[in-house]
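Below: one structure, written as structure tokens.
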There are 2 protein chains.
Amino acid sequence: MGKNLTSRSEDYSKWYNELVVKADLAENSAVRGCMVIKPYGYAIWEKMQAELDRMFKETGHQNAYFPLFVPKSLFEAEEKNAEGFAKECAVVTHYRLQNDPDNPGKLRVDPEAKLEEELVVRPTSEAIIWNTYKGWIQSYRDLPLLINQWANVVRWEMRTRLFLRTAEFLWQEGHTAHSTKKEAIAEAEQMNDIYAEFAQNFMAIPVVKGLKTESERFAGADETYCIEALMQDGKALQAGTSHFLGQNFAKAFDVKFTSKEGKQEYVWATSWGVSTRLMGALIMTHSDDKGLVLPPNLAPNQVVIVPIFKTEDQFDEITNVVTPLMKTLRSKGVTVKYDKRDTLRPGAKFAQHELQGVPLRIAIGARDLENGTVELARRDTLTKEIATLEGIEDKVVALLKEIQSSLYDRALEYKNTHTTKVDTFEEFKNVLETKGGFVSAHWDGTIETEDKIKEITKATIRCVPLDSENEEGKCVFTGNISLKRVLFAKAY
Amino acid sequence: MGKNLTSRSEDYSKWYNELVVKADLAENSAVRGCMVIKPYGYAIWEKMQAELDRMFKETGHQNAYFPLFVPKSLFEAEEKNAEGFAKECAVVTHYRLQNDPDNPGKLRVDPEAKLEEELVVRPTSEAIIWNTYKGWIQSYRDLPLLINQWANVVRWEMRTRLFLRTAEFLWQEGHTAHSTKKEAIAEAEQMNDIYAEFAQNFMAIPVVKGLKTESERFAGADETYCIEALMQDGKALQAGTSHFLGQNFAKAFDVKFTSKEGKQEYVWATSWGVSTRLMGALIMTHSDDKGLVLPPNLAPNQVVIVPIFKTEDQFDEITNVVTPLMKTLRSKGVTVKYDKRDTLRPGAKFAQHELQGVPLRIAIGARDLENGTVELARRDTLTKEIATLEGIEDKVVALLKEIQSSLYDRALEYKNTHTTKVDTFEEFKNVLETKGGFVSAHWDGTIETEDKIKEITKATIRCVPLDSENEEGKCVFTGNISLKRVLFAKAY
């Protein structure tokens, strides 16, 4: 604490890494690519979890828990899914350690305790879950099956970054089963909508809803819906995905049901997930060179009160005012903390709360007591004002609401001004290099063109926006015919 | 569903296994020893989590998240801990699968993708956490550090049973750091008290608080506090443990702090946990031959309302009465479900709710509407009564309270009548064989005697109760002097 952050303009990536660590959100661990989520970071994640969980339950989903391990024979059953995840998975091969005869005090794998079948640590749970669903689904009466799981998953990524890409991460994964294709598609769309609503209303992050192209689709999906957000450095971030899985997993695991008409049919599936990656999106959307900026909905403490005093009497007098104030604020649903630590000076406390993104700071000193005022500081605008103590509770509630919406507006403004329509490849490259952001362009629909554009510019197709209108045009790269614009961007 | 359960007297163990599966709580998975926790079982676990989490936070603890994997070199650092868990741990040795050249369509471990250092899937997290704490603790100002984690852990048990002993299970593990021995001991005691309070007030399970003997202690602890419950078959079940870890982990991971006096000292530690094993305790304490019996505090649905109708008009009339009733019940904090499925007859619904332990069932038919009555059925006593519709809400609230406390009383009565003082080894064996339960006996304090008694009777020392008075006596086995009685029992 205390030392300034690297500024965003100086080195955005360094700014991000420093911020995550200094704001006490997370840190790297002794395990390659795995992070420790610190209490302050975890408290924010808990707020996300609670809200998402509420939204899932409201739409009829129930939580359950499936095993961490996937036996190799199940893992390989759905071919595309297996192919997609085999290259970076953690594999358990043994179930015991023993004393190492060559190194006293050290342990080694016991060669006698080799598993008959290797176990893959779940990178995603379709395989183990669909193998289970086989026993749960017999008739159309068992459908739809609407289940969610909060869990940890492991993908052995080679280049990792705190929250954005870690070998182990926390997420939720929904896995649903339906009797018709139409219903399954509607579910996949509904969950993508829920993610968008959550991102926008709760996290104050505007997103584009869209469909992935074939090459960016989830391994094993027929269609992948997604929400894409734009970070302050002009790079896009995939914030959530919802997959229509067709009958791929039902066929791989032989999950059939008897329809109302008495026929045996394969079940239709979806899966959908968001992860601790959202923490990265949160940080990179709102924060500034002073540190984290939190939308009030996600702040573990929405308000912090700092007493400014020289004598113990003054401290007691301030506390006498603060105690009922906190009570009233709490009764209005505001989370508030009284920072009465005697180990730090007020200035150091201010710096810490700024760094940790507390939306509103109230400072009260001896002079304020005389005048019936407080100093009110907004984290998002870094502005201060003197406010009267009387009526401060309502003012705080109104300000928190305003901060929440103004953070969204600011991010929306950024997204809008950083979404550029282009019609030539020169423009395309120029926009990407100079201002970044989303580039809306015509594309001929082939994987070859997508690959070549990526090779040349590092930009990928983030999505085919759901709300994009049909518009005839020519592919920016090949000049071939195109019927819709898609969104390109460099991405996390 | 539909088929009767095996009765407890016929085969207790079979009754338990059938109940867990038929009541939709959990089932075995394709992974040896790992279970699937089904939505109904998971909903009960979520209720436990929410209450425990509240109690932890109320006592100043914060949640965080640490890696799933423990590098071998960290795992082996605390020698006793390593020795205790090495024999049954899952070990990740590779990070990739590849196509198996000998078996088209199959995968195999890629021999080129061998980890430099093996990773142990955490059986418990002291090692990875204390290695992290080293970076977090410098001064007495950083203490106490009060952290909890909700996580999955893996212990490669050879003989597993749903909830009671599974290779993977869900739990919470608290890990705290303190500047003095006294404070750490007080923390370990406080958390054991919280577990006892939770078991008794929330789960309606009476427990004995005590200390483990040296041979039953957690590997790496100086002292293990525990709560022990008694199941209906007379076997004890360890429901939670809280460990005073001394400076063992601080020394193993070199975690020192500068004291107020400026000295470098090793930190004092505790850890404490309860797991999905509590689900087993819950089931075996209260349930009967008809199925699960749930204390209202833990019931996903405290009340279920079943309409009894022949015509659609009748159904609509009933629904018109039920809708406002549900609203009032919910406003009083009661969780209620209206079971209006048209795929099941009332009798089948009754059977299902009985099997799943719903505390109160309300049935309303056409005749009831005329009379202004309902049929009210209690799950714990299997009694029914006709109650007037007027005032039913308050009656339901009062009954739920009564059920909660009467389940506790019943379990307490069982525990008390199955705790027997004995003074000879003949009596000791006789009590164990005929009625089971806790046997309170003098013991000479040696591991040899403990081992011999276990060998002969299969009973272990469950704990030295914290409230046991000093009482001079003779060891039931050796006749040597003893100053306190301890509790023996056969155990899960």
Side-chain angles (χ1 to χ4, degrees), chain A residues 27 29-31 34-43 45-46 62-76 79 82 86-99 105-109 113 118-121 128 131-132 135 141 147 151-152 154 156 168 170 343, chain B residues 27 29-31 34-43 45-46 62-76 79 82 86-99 105-109 118-121 128 131-132 135 141 147 151-152 154 156 167-168 170 343:
Chain A
E27 65 182 37
S29 76
V31 190
C34 294
M35 66 182 157
V36 171
I37 306 179
K38 299 184 79 173
Y40 192 65
Y42 199 83
W45 174 241
E46 280 182 319
Q62 293 181 294
N63 289 331
Y65 189 77
F66 298 86
L68 170 67
F69 300 126
V70 187
K72 188 168 68 67
S73 57
L74 295 185
F75 183 81
E76 64 200 7
E79 213 178 322
K87 290 175 214 100
E88 42 184 40
C89 62
V91 188
V92 175
T93 56
H94 291 75
Y95 58 85
R96 196 189 303 145
L97 294 176
Q98 62 176 193
N99 290 321
K106 304 287 175 187
L107 298 169
R108 67 165 194 194
V109 159
E118 294 89 343
L119 299 173
V120 177
V121 180
I128 189 81
N131 183 63
T132 308
R141 285 189 201 87
I147 287 186
N152 53 344
V154 173
W156 209 257
E168 181 193 13
L170 303 184
T343 47
Chain B
E27 65 183 36
S29 77
V31 191
C34 293
M35 65 181 158
V36 171
I37 307 179
K38 299 183 80 173
Y40 193 64
Y42 199 82
W45 174 242
E46 280 182 319
Q62 294 180 292
N63 289 331
Y65 188 77
F66 297 86
L68 170 67
F69 300 126
V70 187
K72 188 168 69 67
S73 58
L74 295 184
F75 182 82
E76 65 200 6
E79 213 178 323
K87 289 176 214 97
E88 43 183 39
C89 61
V91 188
V92 175
T93 56
H94 291 74
Y95 57 86
R96 197 188 304 144
L97 294 175
Q98 61 176 195
N99 290 320
K106 304 287 175 187
L107 298 170
R108 67 164 192 193
V109 159
E118 294 89 343
L119 298 173
V120 177
V121 180
I128 190 80
N131 183 63
T132 308
R141 286 188 202 88
I147 288 186
N152 53 345
V154 173
W156 209 256
E168 182 193 13
L170 303 184
T343 47

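If you're wondering where the values come from, they're calculated on a predicted model, not measured in any experiment. Convention: sequence-line order gives letters A, B, ...; per-chain numbering from 1. Keep in mind that the numbers below use all heavy atoms, side chains included, and drop hydrogens, waters and symmetry copies.
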Taking side chain as everything from C-beta outward and backbone as N, CA, C, O, which of these in B/E79 sits under 4.5 Å from a heavy atom of chain A? Side chain, backbone, both or neither. neither
What part of B/E27 lies closer than 4.5 angstrom to a heavy atom of chain A: side chain, backbone, both or neither? side chain
Using a cut-off of under 4.5 Å for heavy-atom pairs, which of [options] has the most such pairs with chain B?
options                       : result
A/S29, A/S73, A/C89, A/C34    : A/C89
A/N131, A/N99, A/N152, A/T343 : A/N152
A/L119, A/T132, A/N63         : A/N63
A/K72, A/R108, A/M35          : A/K72

Let me confirm one number: the CD-CG distance from A/E168 to B/L68, rounded to the nearest 0.5 Å. 5.0 Å
Interatomic spacing from CG in A/L97 to CZ in B/F75 - rounded to 0.5 Å: 6.0 Å
Output all residues satisfying salt bridge (Lys or Arg N to Asp or Glu O under 4.0 Å) with B/K106, sequence neighbours left out; order by chain, then residue number. A/E76
What part of [X] gets closer than 4.5 Å to chain B, counting heavy atoms only: side chain, backbone, both or neither?
X      : result
A/E46  : side chain
A/L107 : both
A/I147 : side chain
A/T93  : both

Quick one: closest heavy-atom pair of A/P71 and B/A30, and the distance? CG-O, 3.9 Å
Could you list the donor-acceptor pairs under 3.5 angstrom formed between side-chain atoms of residues 36-43 of chain B and any protein atom two or more places apart in sequence or on another chain?
residue	atom	partner	partner atom	Å
B/K38	NZ	B/D24	OD1	2.7
B/Y40	OH	B/Q356	O	2.7

With a 4.5 Å cut-off on heavy-atom pairs, point out which of B/V121, B/L74, B/L170, B/V120 contacts chain A the most. B/L170
